[in-house]
Every structure is written in structure tokens, then in C-alpha cells.
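Worksheet: one structure, shown below.
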Amino acid sequence: MISLGVGSNNDAVNVEVDFSLSDLTVLCSDTWSNQHWFTETFNYSQSTTFKRNTTIYSQNLYTGRNGTGFWGQDDVTIGNVTVKGLDFGVQNVSYTSTGRLGLGLPEWESTYQNASDPHLYENLPMKLKSQGVISKVAYSVYHRPLAYNNANNGSLLFGAVDHAKYSGNLTTLPMIKYSPTGVTIASNLSMDNFIRERHIQVLLHGIKFSVNTEKKGKTMNITNNTYYAAINPLYAISIFPKPIVEAMAVALGAQFPTQTYKWIVPCVNDENVVFLLDFGGTTLSVPLSSLLHQSGSSCVLGVDTLPDHEDFIILGQNILRHAYLVFDLEDCEVSVAQVKLSKKIDIQEIISLVPGAVKGSTQTTIGSITSEAEQPRLFTYKTMAPSDTPSPFKSSESKAVSLTWMMVLFGFASLITII
């Protein structure tokens with residue numbers, strides 16, 4: 001979760017970062033909900049720079065609960081930068097306690113997905129470029145591993161990469177799109193199709209289990225198959241197809257008591273006991289301890305299982321906090337490396353290619369799965385309210401924007417600080 005300043009009064013509004021959406025939405029001072037109490041909202045009626053649009057805003061989620069409101073335009077401050085005339089949704093009916101900062105692909109904007117007149121507008125990442133703040137519509141994500149103090153603390157860095165925060169290869173992979181069949185209404189999607197259609201995804205080429213201690217050294221395959229993997233840090237735990245979870249359980253000597261319906265394993269806190277995820281150029285090392293939850297004197301394997309017929313992977317926070325990620329929304333690529341705990345800063349701006357990155361596997365298909373970059377992008381850009389908005393993806397002199405954030409998942413507390 002991060003904090004934004006909205007409007008002429010710089011109202012403090014908390015938003016969750018969401019890679020499956022592309023709109024910014026904020027809760028207003030008269031937001032209705034039967035579940036939550038809102039403390040930080042946008043009072044649009046008191047902002048002298050706010051321009052309300054007559055267009056209805058609707059946020060469709062796979063849960064079936066939709067937030068509604070209206071579109072508007074105002075100045076938004078993120079970190080130490082103020083973005084002028086940003087279009088966003090103002091929710092006056094919400095089933096969540098915060099707004100959302102969507103950082104997904106442009107074609108996931110609700111004006112394109114859910115409208116009778118599909119079109120795109122300049123969302124926050126694109127505005128940062130067109131207003132000369134960054135050179136490329138890209139951002140980097142860093143989490144501290146759980147083993148360290150302040151583990152939820154990480155950084156969201158727009159338009160740049162921090163070389164001090166990763167080790168080994170920074171490998172660039174194509175984003176993958178499942179079964180491209182044109183625009184699909186999100187409200188008609190099942191959870192399966194929503195994840196496949198509306199999540200940033202890459203190919204995962206295999207998983208191994210490795211034990212490399214003084215007493216024991218061995219590596220065994222969990223799977224050699226290639227799967228497409230959705231990246232979603234809003235999930236606290238990762239989700240795998242049933243054969244992968246069962247193979248993990250066998251490798252760990254796990255038991256499955258019928259009274260718990262959970263895999264019970266010995267508690268291990270050794271960073272030399274790891275799962276190795278092959279991304280075709282970078283092998284991500286995830287300590288077993290990150291995938292365990294204490295349950296009495298034993299531990300539970302902290303992954304979920306997909307239904308029998310599902311064959312994809314959702315990479316949640318317990319895996320992603322071990323990855324340094326760079327999302328290039330212009331070239332539809334993701335760069336991944338092993339995260340490194342460091343207080344140092346070595347920031348380099350992204351102007352064209354991600355600096356320091358190497359190309360990984362060029363495989364872009366598994367059956368009907370296709371690279372996002374191979375899809376035609378014939379979009380018409382519009383603004384939701386009158387403004388002098390420059391064209392999207394405009395080259396300009398720029399600087400990187402960074403803010404420190406702590407993600408809130410399942411009620412964990414957060415603090416916001418600025419680098």
C-alpha cells in the first residue's frame with residue numbers, strides 16, 4: 001500500500017498496488033460500504049482543481065463485487081512528484097477499504113474493457129512519461145525478504161532500475177497473453193479466465209528442490225514442464241497445479257491428515273534448503289522456510305492447490321519477495337533477478353532497453369499462449385476530461401521517481417516513507 005496526495009488540498013489517500021488493473025481509483029468522502037470504515041478519502045467537492053466527468057466508473061473484479069462511481073480529473077502527488085490532470089475513478093460505492101493503483105497493461109483500463117466505446121487514456125505510468133518525469137513506461141518492484149526486520153518494506157521505482165537490489169542475471173522475458181480472442185468483459189470471466197486474461201504473466205520452465213547442507217546435498221525435479229505464471233503480489237501465498245503441490249509434498253516427506261486437509265511438514269529454517277524456479281535465464285531461489293506456516297510443533301506447506309483441470313501458476317508474495325522485478329509496459333517485457341538485501345542505491349534510468357538486463361528464453365507459446373508483444377496495439381487514446389494531455393509514450397527529458405512502500409495483505413499494518 002502507498003499513500004497519494006489528491007487534489008488542491010493534497011488529501012492523503014491510501015491505495016493498494018494492483019498489477020491486474022490499470023486505473024487509479026480513490027474512495028471519496030461520501031463513499032458507501034456495508035463492510036468498511038474509511039478514514040483517508042478524497043473530498044472532491046473541496047478541491048478547486050477537480051473536474052468531474054459524467055461518465056460512470058465501474059471496477060469489475062473476479063470476485064463479482066464491483067465498485068462504482070464516476071470519472072474525474074485532478075492533480076495527484078506520488079512520492080515527491082505531482083502529476084497534473086490525471087484521470088481516475090472516484091468510488092462512492094466500494095467493497096474494499098482502499099482505492100487501487102492499477103499498474104497493468106494499458107488495454108486493461110476499464111474504459112477499454114467495459115465500455116461501449118472502447119478507448120484508452122493516459123493512466124499514471126503513461127502520464128509520468130508524457131509529463132517528462134520518466135523516459136519509459138516502466139517500473140521496478142523490490143521487497144525485502146521475510147527473514148529480515150521490516151520485511152514488508154520495499155520500493156516501487158518508476159522509470160529506472162536499482163542495480164543494488166538484485167544479484168546475478170537480470171533476465172528479460174516476454175509477457176505472455178493467454179488465448180487472445182479480443183476484448184472480454186471482465187464481469188463475465190471466471191476466476192481462471194480473469195487471471196489468464198488480466199494478469200502480467202511469464203513462462204516458468206521448471207521447478208527443482210535443492211538441499212545443500214553440510215550433512216546432505218541433493219537436487220530433485222519437481223517439474224520439468226513449462227507453465228505460464230501470473231504475477232500477483234496481492235496474493236499472500238502462491239498457487240500451483242495439483243501435480244506440482246503433490247511433488248513438493250513428496251520431496252518434503254509431507255503427511256496429509258484428513259482432519260486438516262493440509263500438507264504437514266517438518267519446520268525448516270535453513271536458507272540452503274530451497275526451491276529453484278527456472279525462468280529461462282534466471283533461476284530464482286526460494287527458501288523452503290518462506291513457504292511454511294507454523295502450526296503447533298509442525299509446519300504447514302503454505303501453497304494452495306488449483307482444481308484438477310487447471311494448469312497455470314500464480315506467483316504470490318511468498319515467492320515474489322525473493323525476486324527483483326522490472327515491468328516494461330511499452331515493450332511488454334518483464335525482467336527478473338534474485339533479490340538482494342541492500343541499503344545501497346545504484347539507480348539507472350530506463351531509456352530504451354532495461355540497463356544491465358540480458359535476454360532470457362525467447363519461447364513465447366504453449367499451445368494457445370502468445371506473447372503480449374506479438375499482439376496488435378491499434379488503440380485510440382482519449383482524455384476523460386478537458387486537458388492539454390500530450391500523446392502517450394512521448395520521449396522527453398526525464399528523471400526516475402521512487403517511493404518506499406509496505407504492502408498490506410490480509411490485515412498486516414503498513415507505514416509509508418519516502419526515499
Taking only residues two or more places apart in sequence or in another chain, which ones pass side-chain hydrogen bond (donor to acceptor under 3.5 Å, both in side chains) with T223? none
By side-chain hydrogen bond (donor to acceptor under 3.5 Å, both in side chains) - contacts of N169 (at least two apart): none
I need the full list of ring-ring contact (aromatic ring centres under 6.0 Å, His included) pairs touching residues 336-356, with sequence neighbours left out, sorted by first then second residue. none
Which residue pairs pass the ring-ring contact (aromatic ring centres under 6.0 Å, His included) test with at least one member in residues 271-307, sequence neighbours excluded? F209-F275
Is there a side-chain hydrogen bond (donor to acceptor under 3.5 Å, both in side chains) between S20 and D18 once you walk through the steps? CA-CA 6 Å; S20 66; D18 194 328; 2.6 Å; yes
Hey, what do you get for [atom1] ([X]) to [atom2] ([Y]), rounding to the nearest 0.5 Å?
X: D328; Y: L173; atom1: CG; atom2: CG; answer: 12.0 Å
X: Q73; Y: Y121; atom1: CD; atom2: OH; answer: 11.0 Å
X: L204; Y: I176; atom1: CG; atom2: CD1; answer: 12.0 Å
X: S238; Y: L320; atom1: OG; atom2: CG; answer: 6.5 Å

Please list, chain by chain and in numerical order, all residues satisfying ring pair (Phe, Tyr, Trp, His ring centres under 6.0 Å) with F327, sequence neighbours excluded. F19, Y139
Can you name the residues that form a ring pair (Phe, Tyr, Trp, His ring centres under 6.0 Å) with F240, not counting sequence neighbours? none
Going by side chain to side chain contact (heavy atoms under 4.5 Å, CB included), name the residues that satisfy it together with [X], two or more places apart in sequence or in a different chain.
X: T305; answer: K242, V245
X: S298; answer: I264
X: N269; answer: S289

Can you establish whether the number of heavy atoms outside Q348 located under 6.0 Å from its atom CD is more than 12? yes
Within a strict 4.5 Å, meaning less than it, do heavy atoms of the V17 and L156 side chains meet? yes
Mind checking whether T172 and V358 have side chains closer than 4.5 Å, heavy atoms only? no
Salt bridge (charged side-chain N to carboxylate O under 4.0 Å, His left out): pairs with one or both residues in residues 70-82, sequence neighbours excluded: D75-K84
Please collect all salt bridge (charged side-chain N to carboxylate O under 4.0 Å, His left out) contacts where either partner lies in residues 293-303, sequence neighbours excluded, each pair once. none
Just do the side-chain hydrogen bond (donor to acceptor under 3.5 Å, both in side chains) check on H322 and S290 with the steps written out, would you? CA-CA 9 Å; H322 297 282; S290 293; 2.7 Å; yes
Evaluate side-chain hydrogen bond (donor to acceptor under 3.5 Å, both in side chains) for N14 paired with T98, printing each intermediate quantity in order. CA-CA 6 Å; N14 285 340; T98 64; over 6 Å; no
Donor + acceptor pair across side chains of E349, S135 (<3.5 Å): yes
Are any side-chain N or O atoms of E330 and backbone N or O atoms of V137, one a donor and one an acceptor, separated by less than 3.5 Å? yes
Once salt bridge (Lys or Arg N to Asp or Glu O under 4.0 Å) is applied, do any residues pair with D278, and if so which ones, sequence neighbours excluded? none
Could E16 and R100 be called an ion pair, given the rule that one side-chain N must be under 4.0 Å from one carboxylate O? yes
One thing to verify: whether E122 and K129 come together as a salt bridge, which I'm taking to mean a side-chain N less than 4.0 angstrom from a carboxylate O. no
Cationic tip of K165 above Y142 ring, under 6.0 Å, 45° of axis: yes
